[in-house]
Amino acid sequence: MTQAITTENKICTKCAVSKSASDFYVDSRRGYLRGKCKDCLKQEDKAYRIANPEKKAEQVKKWRDANPDKAKIITKRHFEKNRDAMYQRTAKWREANREYCSQLTREWAKNNPSKASANASKRRAKLLNATPVWADFAAIQVEYDLADWCSKATGIKYHVDHIVPLQGKTICGLHVPNNLQVIPAKDNHVKHNKFTAI
Ligand SMILES: [Zn+2]
């Protein structure tokens, strides 16, 4: 049963409680307030979700595909509201599925070699405090993409080398584009942490 939009209280057809108009959803297509209150509809939806998890997931997916912008806002709002709980749940899940997670990471690294090696260098540079706040990560990523491209084009493995090593004996370099060069991996291994000023 529907009722014209009103600002007055309205009785829910399900729980029979008199509630304010804002406690009811608007059926915008027909310009009516829904008969059941928001709480009752939410409860029904939850019961349906539990009884028909696949159908509900399908419905949600359909709606999300049809309303990508709204879906993004809802996801963001939900994330912000439940940030800590979600981080904790994710951490717990990762812990319980450690093997699966590392497999996913390995697969991702295999499919995204230049991003993976850029990430590895970023971690290493962070440990060594070699990344200044002004480092241009997009420009850094270009060097790793280039190394990957060279490897694929030539069949020889290329690495991104720190011209001045991050952990040199007498001098420590920074993890910044100016200090990066793409060289064949074997040269990089020979060079290791040596730096010869020209
Ligand atoms: Zn109700």
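Just follow the structure's listing: the first ligand is 1, and inside any ligand the first atom is 1.
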Heavy-atom pair of closest approach, residues V176 and A135:
CG1-CB, 4.3 Å

Would you check if [X] and [Y] make a side-chain contact, meaning some heavy-atom pair closer than 4.5 Å?
X	Y	answer
R34	L41	yes
H159	V182	no
F79	Y87	yes

Determine, stepwise, if the pair K115 / D145 fulfils salt bridge (Lys or Arg N to Asp or Glu O under 4.0 Å).
CA-CA 7 Å; K115 285 205 182 85; D145 290 344; over 6 Å; no

Less than 4.0 Å between a side-chain N and a carboxylate O, is that true for E99 and R106?
yes

Sort by chain and number the protein N/O/S atoms that are closer than 2.8 Å to the Zn ion (ligand 1), and list them.
C12 SG, C15 SG, C37 SG, C40 SG

